[in-house]
Amino acid sequence: MSRLIIVSNRVPALGDGGAAAGGLAVALHAALEQHGGMWFGWSGENSGDKESDRLQTTEVGNITYALVDLTKRDLEEYYAGFANRALWPLFHYRLDLTDFSRRDMAGYFRVNRYFARLLAPLIRPDDIIWVHDYHLIPLASELRQMGLRNRMGFFLHIPWPPPDVLFALPPHETIVRSLSSYDLVGFQTEFDAENFAACLIREGFGSRVGTQVFDAYGRLFGMGVFPIGIETQTFAELAAASTSDVLVERMRHSLDGMQLLIGVDRLDYSKGLGERIQGFSRYIETNPASRGKVVYLQVTPKSRSEVPEYADMQKEIAELAGRVNGSLGDVDWTPIRYINRTVKRQALAGLYRMARAGLVTPLRDGMNLVAKEFIASQDPEDPGVLVLSRFAGAARELDGALLVNPYDTEDIATAIARAMNMPVAERIERWTPMFERIDKHDVMAWCHSFLEALKRTRVMARAS
Ligand code: GDG
């Protein structure tokens, strides 16, 4: 069997099966164990001014971890700069926050070339290469220029924007062209795949030669939709066993009969936190009977603090939560509990299960795993209600959720009220098919279906 080579910007902790890093890492580790192979990426270390071509390799069973340090400049330009201040906002339709600089763009392509230079000598002719996410779009094209003919796949975890948004990025053609160097390009939803196809076709960069096959820049390549899943059974089991968790018990005790609403998001402007807090506030204002009866817990670990927009938002959201508590709260009731630290997975599963409603209202999201984790964690006999943004990829699958427009705070407030009053029979009726779906399409199934499609793609591309 061919070896599998996974390439991602960050490589999860070695040797623990990825357990600390979540479902995606667990699934990719399982695939690596099955095929044997390598996980290649940035070590997470900043080497300052010191450039080195040193690869740190560690063998664990049949998996090799190959890690590289990046310099301060690389991190500023490639990671914090082009990836997180240009591609991330642009791909989330936020042209207003897109900060393009030619210096950062050059750094992005330079680091991709550097990764390719270190990776290429480690690759055997029949290895299959699977590259993850927007940090590494140009990797295949760099590897191809070094003569590699391997089967290469790419999966985009975030949305792909419509043409008029993408075309605002000066190097948009290079980005599209880079993707045509893969054999298979995977997206979370049909919308993303169609946006990509529209970008390719509208500017005449390429043409569709089969339902899922494109001809661009002298190559045929495949495209597919692979909605990512979670470890559904693990979450369900963690949640069911969570009564013994100290934090979960403390939470239950402190609620003292009040109902819980929960939100869990990295601190990121794409997650719609401000609008959500306002929606919750509106719900309390328009439902006076809820005063003193509900608590909204928002778990929000900090992320990307080196990017100025994130540091600003940290302050903004904390102030907003504080203002709502100040104006609506009482001596014995704090409506919003806003926590900026990471909660352990078992506790998280227990908190999801305790909640009457999960608030997942991103302004734009590739998939949103929290929506699926919330569903997986519910008690089948008394499930909570998912309030879900129509702009999350997960909304394409989770049709038993209350779908909302995340920009419309009235709509969020109305959905919260509906969730809080929903009879148990309706909650079960909505929840059961969603659980069955995410159980069937879990993260292992996702990983398997992408790899199977990648193995088939070239044959298909040649035949068309
Ligand atoms: C990208 C795309 C796509 C959060 N706080 C805690 C914690 N988390 C975990 C959640 C969940 C994960 O972080 C966040 O996943 P999301 O899917 O919500 O979002 P992104 O980080 O933006 O991920 C996204 C995803 O890639 C996968 O393809 O779904 O659309 O943007 O798993 O549980 N976990 C723990 N404690 C916390 O406090 N243990």
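The model shown is predicted, which means the values in this text are computed figures rather than measured ones. Indexing begins at 1, ligand by ligand and atom by atom, following the structure's order. If you read the sequence from its start, that first residue is 1, and numbering goes on from there.
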Requested in this report: Specify whether the nearest protein heavy atom to atom 2 (C) of ligand 1 is under 4.0 angstrom away.
Outcome: yes

Requested in this report: Pick whichever of I228, V443, L369 has a heavy atom sitting closest to atom 16 (P) of ligand 1.
Outcome: L369

Report task. Kindly indicate, with the supporting measurements, whether the criterion side-chain contact (heavy atoms from CB on, under 4.5 Å) is fulfilled by L139 and L119. Result -> CA-CA 10 Å; L139 195 74; L119 178 59; 4.2 Å; yes

Query raised in the report: So, does D408 use its side chain to make a donor-acceptor pair with the main chain of E410 at under 3.5 Å?
Result: yes

Requested in this report: Kindly identify the option in K271, H157, K344, H132 whose heavy atom sits closest to atom 19 (O) of ligand 1.
Outcome: K271

Requested in this report: Could you check atom 10 (C) of ligand 1 against the protein and tell me its nearest heavy-atom contact, residue, atom and distance included?
Outcome: E373 OE1, 3.5 Å

Query raised in the report: Among W446, W130, F187, W160, whose ring pair (Phe, Tyr, Trp, His ring centres under 6.0 Å) with F155 holds?
Result: W446

**Report entry** Spatial distance of atom CD (E231) from atom CD1 (I438) [nearest 0.5 Å]
**Finding:** 12.0 Å

Query raised in the report: When rounded to the nearest 0.5 angstrom, what distance separates CZ in F280 from CG in L261?
Result: 6.0 Å

Query raised in the report: Would one find an N or O of T342, backbone or side chain, under 3.5 Å from an N or O of ligand 1?
Result: no

Query raised in the report: Under 3.5 Å, is there a donor-acceptor pair between the side chain of R345 and the main chain of L238?
Result: no

Query raised in the report: What residue and atom, counting heavy atoms only, is the protein's closest point to atom 21 (O) of ligand 1, and at what distance?
Result: R266 NE, 2.9 Å

Query raised in the report: Does F374 approach ligand 1 within less than 4.0 angstrom via side chain, backbone, both or neither, non-hydrogen atoms only?
Result: neither

Query raised in the report: Looking only at heavy atoms of F155, does any of them come nearer than 4.0 Å to an atom of ligand 1?
Result: no

Query raised in the report: Could you walk me through whether H157 and M367 pass the side-chain contact (heavy atoms from CB on, under 4.5 Å) check?
Result: CA-CA 7 Å; H157 289 259; M367 176 54 61; over 6 Å; no

Requested in this report: Answer yes or no for atom 35 (C) of ligand 1: protein heavy atom present at a distance under 4.0 Å?
Outcome: yes

Query raised in the report: Which ligand 1 atoms does W88 reach within 4.0 Å, using its non-hydrogen atoms?
Result: 22 (O), 31 (O)

Report task. Could you find the nearest protein heavy atom to atom 29 (O) of ligand 1 and give me its residue, atom name and distance? Result -> N368 N, 2.9 Å

Query - Of Y114, Y65, Y79, the residue whose pairing with W42 passes ring pair (Phe, Tyr, Trp, His ring centres under 6.0 Å) - result: Y79

Query raised in the report: Tell me: protein heavy atom nearest atom 8 (N) of ligand 1, and distance?
Result: V264 CG1, 4.3 Å

Query - Element-labelled atoms of ligand 1 that are located less than 4.0 Å from some non-hydrogen atom of G366 - result: 30 (O)

Query - Shortest protein heavy-atom distance from atom 14 (C) of ligand 1, along with the residue and atom involved - result: V370 CG2, 4.6 Å

Report task. Measure the spacing between CD of E381 and CH2 of W431 and express it to the nearest 0.5 Å. Result -> 9.5 Å

Requested in this report: Find the distance between OG1 (T342) and CD1 (I339) and round it off to the nearest 0.5 Å.
Outcome: 11.0 Å

Query raised in the report: Donor-acceptor pair, R430 side chain versus G400 backbone, under 3.5 Å?
Result: yes

**Report entry** For atom 6 (C) of ligand 1, closest protein heavy-atom neighbour
**Finding:** P301 CG, 3.9 Å

Query raised in the report: Which value, rounded to the nearest 0.5 Å, describes the distance between R427 atom CZ and T432 atom OG1?
Result: 11.5 Å

Query - Closest protein heavy atom (residue, atom, distance) for atom 7 (C) of ligand 1 - result: L348 CD2, 3.9 Å

Query raised in the report: In terms of atom number and element, which parts of ligand 1 are under 4.0 angstrom from non-hydrogen atoms of Q188?
Result: 3 (C), 28 (O)

Requested in this report: Between V343, D365, T300, flag the one that comes closest to atom 39 (N) of ligand 1 by a heavy atom.
Outcome: V343

Query raised in the report: Is at least one protein non-hydrogen atom found at under 4.0 angstrom from atom 32 (O) of ligand 1?
Result: yes

Report task. Could you see which bit of V299 sits under 4.0 Å from ligand 1, with heavy atoms only: side chain, backbone, both or neither? Result -> side chain

Requested in this report: Return a yes/no value: protein heavy atom under 4.0 Å from atom 23 (O) of ligand 1?
Outcome: no

**Report entry** Ring centres under 6.0 angstrom apart (F450, F226)
**Finding:** yes

